[in-house]
Amino acid sequence: MKESELTYSQAKQELEEIVSAIESGELDVDALTEKVKRASELIAFCKEKLTKTDKELQKILEDIS
C-alpha cells in the first residue's frame with residue numbers, strides 16, 4: 001500500500017500488529033529489522049498526520065471565534 005493511500009487507522013493497526021509480532025519473540029533477526037524499520041516509518045506517518053490534523057483544527061477554531 002502506498003503511503004499516500006494509507007489512513008491513520010490503517011497505520012495504527014499495522015503498528016499494533018508489529019508490536020504483537022515483536023512481543024511474541026517469534027521474529028528472526030532479519031524480520032525484526034524490517035519490522036522495526038516499518039514501525040519507524042508508520043510512527044513518522046502518524047505523527048505527521050496528527051500534527052496536520054491539530055493545525056487544521058486550530059485554524060477551524062480560530063475561524064469560528
Query raised in the report: Mind checking whether Ile43 and Leu27 sit in one hydrophobic cluster, side chains of I, L, V, M, F, W, Y counted as touching below 4.5 Å?
Result: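 In one cluster: yes.
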**Report entry** ILVMFWY cluster, Leu42 and Val36 together (side-chain gap under 4.5 Å)
**Finding:** yes
Query raised in the report: Taking all non-hydrogen atoms of both residues, which atom of Leu15 and which atom of Cys46 are closest, and how far apart?
Result: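 Between these two residues, the closest heavy atoms are CD1-SG, 4.3 Å.
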Query - Summary of salt bridge (charged side-chain N to carboxylate O under 4.0 Å, His left out) pairs that have at least one residue in residues 15-33, sequence neighbours excluded - result: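 Listed once each, the pairs are Lys12-Glu16.
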Report task. Check the pair Glu41 / Arg38 against salt bridge (charged side-chain N to carboxylate O under 4.0 Å, His left out), numbers first and verdict last. Result -> CA-CA 5 Å; Glu41 293 167 354; Arg38 179 63 178 156; 3.4 Å; yes
Got a second to check how far [X]'s [atom1] is from [Y]'s [atom2], nearest 0.5 Å?
| X | Y | atom1 | atom2 | answer |
| --- | --- | --- | --- | --- |
| Thr33 | Lys35 | OG1 | NZ | 12.0 Å |
| Glu48 | Thr53 | CD | OG1 | 10.0 Å |
| Ile18 | Glu34 | CD1 | CD | 10.5 Å |

